[in-house]
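Here the structure comes first, spelled out in structure tokens, and everything after it is commentary.
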Amino acid sequence: MTSIVRNQWYVAAYGREIGRDLFSRTICGESILFWRTEDGAVTAMSDRCVHRRFPLSQAPSHLVGDTVVCGYHGFTYGSDGKCVAVPGQTRVPRTARLRSYPIVEQDSFVWVFIGDPTLAESTRIPRAPWLDLDGWTAVSGMEPLAARASLLVDNLLDLSHETYLHGGYIGTPEVAETPITTEVDEDAGVVYVSRRMADAACPPFYAKSTGITGRITRWQDIEYTPPCLYKLHSRIAPAGVLPNEDGTDPDAFHVEVVYAITPETEHSTHDFWAVARDFALDDQGVSDFLAENNRTVVLQDVAALDVLERVIATEPDGYQELSINIDTGGLAARRMLTNLAAGVTTDSVSR
């Protein structure tokens with residue numbers, strides 16, 4: 001059975017990646033062509049000409065107004081994927097139509113619906129508003145992962161690995177030493193994992209971006225919506241500094257770390273990452289530091305998970321692994337993903 005969950009929205013790209021150039025990306029095993037119409041709307045269709053399957057993203061294919069012309073034999077398609085011109089004849093075959101995909105631009109992401117398009121309107125798109133919100137500044141990127149998406153989910157739901165894999169960047173001993181709490185909202189389809197450190201060392205990632213010296217209070221509150229969106233709500237403050245009773249928190253620094261986990265194939269993944277902050281909003285030096293350091297952290301994960309994918313590929317059937325307390329969030333996520341892949345879902349929620 002496939003591990004890819006269908007009838008879901010996935011992040012296909014950042015909005016900035018798609019313009020008037022033909023752009024292709026494989027999402028859940030499907031090669032999709034993206035481009036913007038002259039009025040700025042994103043369109044998405046199969047990246048294969050119906051005639052001889054030439055990729056429409058491949059030169060000399062090109063745009064003419066709001067049509068794309070195949071660079072092999074000249075078949076021409078409108079923004080809805082319907083063929084509007086065929087070389088050498090006036091009649092366009094009725095079946096000359098590319099598959100088109102529902103698209104939504106939201107929170108700096110371009111989301112594409114993979115599966116039955118009639119289900120798109122009633123299927124929830126999770127939000128990450130800090131990536132495009134006044135009062136916040138974000139940096140972002142994407143790294144290709146030569147490993148299945150579920151390995152990245154496991155990695156992100158268990159942040160104890162920060163202590164060992166990301167020492168010198170975001171990892172300190174307290175991350176691995178502090179117990180977690182896990183909650184699962186079955187109706188909403190969300191896994192929550194929380195780790196709150198009352199007195200922890202301040203890792204360079206936060207010391208250099210916030211200016212805090214000395215020990216800190218560090219909160220890591222994870223919110224994962226299978227199959228596609230992971231959010232880490234991070235709170236950093238001097239040790240002993242807590243939010244006010246009314247919920248305001250003026251003396252803390254808040255960082256929202258967002259991952260969009262999009263399968264490319266069964267064994268490769270698009271690892272979209274973003275870091276939004278509510279401090280030093282106009283400080284380009286802080287932005288450059290967070291972008292460089294978070295990309296380094298992501299690449300450390302990528303290197304480890306690429307190795308893990310190769311190891312798993314050589315294992316015999318039925319190989320057993322050990323799980324412990326820190327794995328409760330990841331195990332809950334695995335169960336949800338398995339149910340979604342099998343078509344067992346909670347009621348859809350409208351956008």
Side-chain angles (χ1 to χ4, degrees), residues 4 6-121 123 125 131-132 138 140-144 228 260 262-265 268-272 274 351:
I4 292 177
R6 307 187 73 79
N7 295 327
Q8 293 285 332
W9 290 94
Y10 288 94
V11 171
Y14 292 103
R16 64 176 182 265
E17 293 185 90
I18 301 175
R20 290 289 291 167
D21 293 326
L22 298 172
F23 174 88
S24 183
R25 183 161 280 158
T26 298
I27 308 293
C28 299
E30 301 181 19
S31 183
I32 305 175
L33 178 74
F34 301 90
W35 47 281
R36 289 190 186 271
T37 61
E38 291 182 324
D39 65 3
V42 176
T43 187
M45 60 189 67
S46 175
D47 188 21
R48 295 288 186 271
C49 180
V50 298
H51 178 229
R52 290 294 181 264
R53 301 188 299 281
F54 190 76
L56 296 169
S57 59
Q58 179 70 45
S61 299
H62 60 281
L63 289 176
V64 176
D66 280 345
T67 63
V68 58
V69 181
C70 177
Y72 191 18
H73 291 104
F75 277 62
T76 302
Y77 303 89
S79 60
D80 60 356
K82 182 179 180 180
C83 185
V84 296
V86 173
Q89 63 186 61
T90 57
R91 187 184 70 84
V92 177
R94 180 177 53 83
T95 58
R97 175 186 288 273
L98 299 172
R99 177 179 178 182
S100 61
Y101 294 81
I103 287 289
V104 169
E105 275 198 85
Q106 181 174 279
D107 302 333
S108 84
F109 290 133
V110 174
W111 294 83
V112 62
F113 191 80
I114 301 296
D116 181 350
T118 65
L119 301 177
E121 274 299 314
T123 304
I125 301 176
L131 304 187
D132 189 22
S140 58
M142 192 276 280
E143 298 300 329
C228 52
T262 300
E264 179 185 41
T265 67
S268 60
T269 306
H270 303 299
D271 184 356
F272 294 91
R351 290 198 305 274

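Note that the structure is a prediction, hence the values are computed from the model and not measured.
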By the salt bridge (charged side-chain N to carboxylate O under 4.0 Å, His left out) test, which pairs, at least two apart or in different chains, include something from residues 74-89? none
Is there any salt bridge (charged side-chain N to carboxylate O under 4.0 Å, His left out) pair reaching into residues 23-33, and which pairs are they, with sequence neighbours excluded? R6-E30, E17-R25, E30-R99
Between [atom1] of [X] and [atom2] of [Y], what distance do you get to the nearest 0.5 Å?
| X | Y | atom1 | atom2 | result |
| --- | --- | --- | --- | --- |
| Y101 | Y10 | OH | OH | 13.0 Å |
| M45 | I103 | CE | CD1 | 10.0 Å |
| F109 | Y14 | CZ | OH | 5.0 Å |

Qualifying residues under side-chain contact (heavy atoms from CB on, under 4.5 Å), relative to [X], sequence neighbours excluded:
| X | value |
| --- | --- |
| R48 | S31, S46, R53, P55 |
| A138 | L131, A276 |
| C49 | H51, L56, C70, F75, Y77 |
| S79 | W35, T37, T43 |

For [X], what residues pass the side-chain hydrogen bond (donor to acceptor under 3.5 Å, both in side chains) criterion, not counting sequence neighbours?
| X | result |
| --- | --- |
| D107 | R127 |
| T76 | none |
| R91 | none |
| E143 | R295 |

For the residue pair S57 / D47, report whether a side-chain donor-acceptor contact shorter than 3.5 Å exists. yes
Under 3.5 Å, is there a donor-acceptor pair linking the side chains of T269 and D271? no
State whether the side chain of [X] and the backbone N or O of [Y] hold a donor-acceptor pair below 3.5 Å, judged by distance alone.
| X | Y | result |
| --- | --- | --- |
| R20 | G65 | yes |
| H270 | T26 | yes |
| T123 | Q8 | no |

Residues two or more places apart in sequence or in another chain: which of them pass ring pair (Phe, Tyr, Trp, His ring centres under 6.0 Å) with F54? Y72
Contacts of F113 that satisfy ring pair (Phe, Tyr, Trp, His ring centres under 6.0 Å) - sequence neighbours left out: W9
If I compare all heavy atoms of [X] with all of [Y], which pair ends up nearest, and what's the gap?
| X | Y | result |
| --- | --- | --- |
| V112 | A12 | CG1-CB, 3.7 Å |
| A13 | I18 | CB-CD1, 3.9 Å |
| S268 | T265 | OG-OG1, 2.7 Å |
| P93 | V86 | CD-CG2, 3.8 Å |

Checking L22 against S61 for the side-chain contact (heavy atoms from CB on, under 4.5 Å) test, could you report, in this order, the C-alpha distance in whole Å, the side-chain angles of both residues, the deciding distance, and whether it holds? CA-CA 8 Å; L22 298 172; S61 299; 4.2 Å; yes
Is the count of non-hydrogen atoms from other residues, nucleotides or ligands lying under 6.0 Å from R94 atom CZ greater than 12? no
Side chains of T262 and I27: does their closest heavy-atom pair fall under 4.5 Å? yes
